[in-house]
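Counting starts at 1 for both ligands and their atoms, in listed order.
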Amino acid sequence: MTSPRPDPDSTELDPEEARAEVARLRDELYRHAYLYFVEARPEIGDDVYDRMFRRLQSLEEAFPELVSPESPTHRVGAPPQDKFETVEHVAPMLSLDSSEKGEDVARFDERVRKALGAGVEPVYLLEPKLDGASIELVYVDGVLERAVTRGNGREGERVTENIRTIPTVPLRLRTDVREAPPLLSLRGEVMMYISDFAHFNASLLESGQEPYASPRNSAAGSIRQLDSRVTASRKLEVMVYDVLAAEGVSFATDSEGVAAIRDWGFVVPDPIETAVSVEEIVSYHARFEEHRDDLDYEIDGVVIKLDHLAARRAMGSTAHHPRWAMAFKFPPRQEVTVIEAIAIQVGRTGVLTPVAWLRPVTVGGVTVSRASLHNREELRRKDLREGDTVRIQRAGDVIPQVVEVLEHHDDRAQPFEMPSECPVCGTEVYEEGPRTICPNRFGCAAQLKGRIQHFGSRAALDIEGLGEETATLLVDRGLVRRLADLFDIEPKQLMELEGFGEKSATALVAAIASKRNPDLRRFLTALGIPEVGVTVARSLAESFGDFDAIRRAGREELEAIDGIGPRMSEAITGFFAEERNAAAIDALLAQGVEPKTVERVAADLPDLGTAVFTGTIPVPRVVAETAWRNVGGKTSGSVSKKTEFVVAGENAGSKLEKAERLGVEVLTFDEFLVRLREHGGALEEER
Ligand code: IVH
């Protein structure tokens, strides 16, 4: 060995052993990433995955000759590029003829029937038309060689490093069901889920940056980043629907092609169906349109394609689009309207949000009369004023957005100015980055309403019947001045409010009372601690076990938890230290609210000694090693006097000899399993 090896563990491997372990780790990591991301049925925990990943990283560091672009470690982003190279597609990426009208579908069907001739019934493949950014993926001998944007259809930009960071794109095709052809070019769509888009835009806004107008723009922008680490930080998905070209394999139908795409490990659009008549096509389209809002990604129609590839070749293409396919689009979800007024809304955290009141319009079947204008910076950037004609857009669950100003009156209204006082409580506001905030956390009625609503929301205590309207009534009528008052409300008080009868009043009081003993993580979420959402609340609950411990925790203790950094620990300790928060919490506890304690996730484990595995064992070595470490043991690649025991599999060699020489205990794999179970452990794959 010549070069220094950074990882002490790896130095014990010779290059051949390292090569074998790297190959094994990569296989395991591919498999588990596929199970996790594509099939959504993981077999191992994140921690086990992370450990295998780090082991692979350190081996690649110690043995640079083993580094390879298709390694799972190459998903985290590469050094920035100056520009993208333009490359030609393996086959042209055509676009589709499209229409929103059923008649055009009937006409398309007629043309197809005519082309096929009498006696041949066409079979159509129906797919959702994904509203993302089109991409070509090229695999050579099963390994991802390049990814190219659609560009002008003939050539596009090579964005391989960026596409590599997307977890559902196989870096190597799965070959357990089907072989990898020598050359394969696939076409798919890069998507951003609507929920991820909403989060991402919120974080852009918070840092004063311009938000993206749609999930599609955001996906397209994300894959065109010169620094792939930026792409890696965005949550993207690729769905693949078409074999653009392949060598060494051929299919009779597109359905077969799609089945192959699935076998090779990709996410394909869902559901894909077949149809033999215009009626069936129209019904698929109608079903999809009805459920469009239930999907977490944008589709803008359905695609109809002739399934038989020989028939496709017979029909051919124009310069722009194939004659054997068309897009049957949905009505657009953009509409033009006028901003009638701009008003300010105050949320539970005191943030003042400008909101446009719009002349009501129907957008994709829903009447829209309000749109969020986000914050002061956004308002200034778009220069939105009362009276302006604007294009608005609705996307899934996301609040309608103003996309652009189309026209404004000559005698334009004055630019909108953020108020210097809270419009609800009159307290002087302050600015924090692009946001404007009312500091009157406990006295401002708007913040209290927001807090009550949040307290009862589904992710928090899930109190049925405690929505925005009720929260507003409770505060306006003086029934609730702080959260704890919720538990004092009586049915007869509610019955005096509009909209409440005896039944609904009793039900709400009962619903509130039933939450006196909430799950700890729900209670934490309900408190509305800055920076603490559902995920952080869960880790806090699992690491500390009871509320009092969390309340008393110092910053260091908090930061010891995975996922909690200085910013969060400061927010959390700051929240509990604030006198009025403490009083509000004490009042809740005095009402008999008692969050359940949670069994702590094991942290302090006894030291069980070092195990060394040698020879061939029935599970991947990392799985066995991880299981042993999970119960508090250590593992090593070499035997010494300090080794607790050696697990000898088939064909064990020098390590077994050394163990015998040193008098170290030797176990069979089955004996190891017994020992593991004695300590409450198990192989992850057994669970
Ligand atoms: S098939 C030549 N199938 O829609 C036919 N396209 O307007 C190739 N698209 O840019 C396209 N979902 O990126 C096909 N299930 C799907 C699709 C789909 C989205 C995109 C495609 C293209 C555009 C055509």
Side-chain angles (χ1 to χ4, degrees), residues 89-100 104-105 108 111-112 124-137 147-157 159 163 166 168-169 185-193 214-217 219-220 223-224 236-246 251 253-262 266-275 281 284-285 287-289 292 295-309 311-330 332-333:
H89 296 299
V90 173
M93 291 175 82
L94 302 177
S95 64
L96 291 171
D97 205 7
S98 78
S99 169
E100 282 173 39
D104 289 331
V105 176
F108 165 73
R111 280 197 304 274
V112 171
Y124 297 109
L125 204 60
L126 307 177
E127 294 173 3
K129 185 172 185 306
L130 309 166
D131 196 10
S134 208
I135 192 92
E136 179 196 24
L137 305 173
V148 188
T149 61
R150 179 168 182 278
N152 60 13
R154 205 172 45 78
E155 50 183 30
E157 288 174 316
V159 290
I163 294 300
I166 303 174
T168 50
V169 175
S185 159
L186 301 174
R187 178 170 184 172
E189 207 79 0
V190 184
M191 313 283 291
M192 186 178 269
Y193 285 112
S214 67
R216 186 247 284 258
N217 290 0
I223 58 168
R224 295 196 66 260
L236 299 169
E237 173 80 288
V238 169
M239 298 190 195
V240 177
Y241 46 74
D242 193 35
V243 178
L244 256 182
F251 305 106
T253 61
D254 197 4
S255 318
E256 287 173 17
V258 171
I261 292 172
R262 203 178 269 129
F266 296 86
V267 176
V268 299
D270 185 52
I272 297 181
E273 293 181 14
T274 51
I281 297 172
Y284 177 85
H285 180 268
R287 255 183 296 141
F288 244 117
E289 191 173 357
R292 193 177 177 189
L295 295 177
D296 195 21
Y297 52 89
E298 287 272 21
I299 52 173
D300 55 356
V302 304
V303 182
I304 312 162
K305 307 175 195 178
L306 196 52
D307 197 24
H308 269 86
L309 302 184
R312 286 189 185 182
R313 283 189 289 273
M315 288 193 74
S317 305
T318 71
H320 307 287
H321 60 257
R323 295 197 182 88
W324 42 262
M326 75 171 282
F328 186 8
K329 302 253 277 187
F330 297 140
R333 299 220 269 190

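Looking at atom 2 (C) of ligand 1, its nearest protein heavy atom turns out to be Pro322 CG, 3.4 Å. Of the protein's non-hydrogen atoms, the one nearest atom 5 (C) of ligand 1 is Leu96 CD2, 3.6 Å. Among protein heavy atoms, the minimum distance from atom 14 (C) of ligand 1 is reached at Tyr241 CE1, 3.3 Å.
Side chain of Asp254 to main chain of Gly257: no donor-acceptor pair is present (N/O by atom type, distance under 3.5 Å, no hydrogens or angles). Not a single donor-acceptor pair under 3.5 Å links the side chain of Arg187 to the backbone N or O of Ser134.
At a 4.0 Å heavy-atom cut-off, ligand 1 touches Arg187 through the side chain alone. When non-hydrogen atoms are compared, ligand 1 lies under 4.0 Å from the side chain of Lys305 (C-beta onward) but not from its backbone. For Glu127, every heavy-atom contact with ligand 1 shorter than 4.0 Å involves the side chain, none the backbone. Heavy atoms of Val303 found under 4.0 angstrom from ligand 1 belong exclusively to the side chain. The proximity of Ser98 to ligand 1, defined as any non-hydrogen pair under 4.0 Å, does not occur for either the backbone or the side chain.
The shortest N or O to N or O distance between Lys129 and ligand 1 is under 3.5 Å. The shortest N or O to N or O distance between Ser95 and ligand 1 is not below 3.5 Å. Any N or O atom pair closer than 3.5 Å counts here, and Pro128 shares at least one such pair with ligand 1. Geometrically, ligand 1 and Leu130 share a nitrogen or oxygen pair separated by less than 3.5 Å.
Taking each of His320, Glu189, Met191 in turn, the one with a heavy atom nearest to atom 13 (O) of ligand 1 proves to be Glu189.
You'll find the side chain of Val243 reaches within 4.5 Å of the side chain of Leu186, heavy atoms only. The shortest distance between side-chain heavy atoms of Thr274 and Tyr124 does not fall below 4.5 Å. Between Tyr241 and Leu130 the shortest side-chain heavy-atom distance falls below 4.5 Å. For the pair Ile135 and Val148, the minimum side-chain heavy-atom distance is 4.5 Å or more. Side-chain contact between Val267 and Met239: present, with at least one pair of heavy atoms (C-beta onward) separated by less than 4.5 Å.
A 6.0 Å sphere centred on CZ of Arg224 holds no more than 12 heavy atoms belonging to other residues, nucleotides or ligands.
Between Arg216 and Asp300 there is no salt bridge, since none of the side-chain N atoms of the basic residue sits less than 4.0 Å from a carboxylate O of the acidic one.
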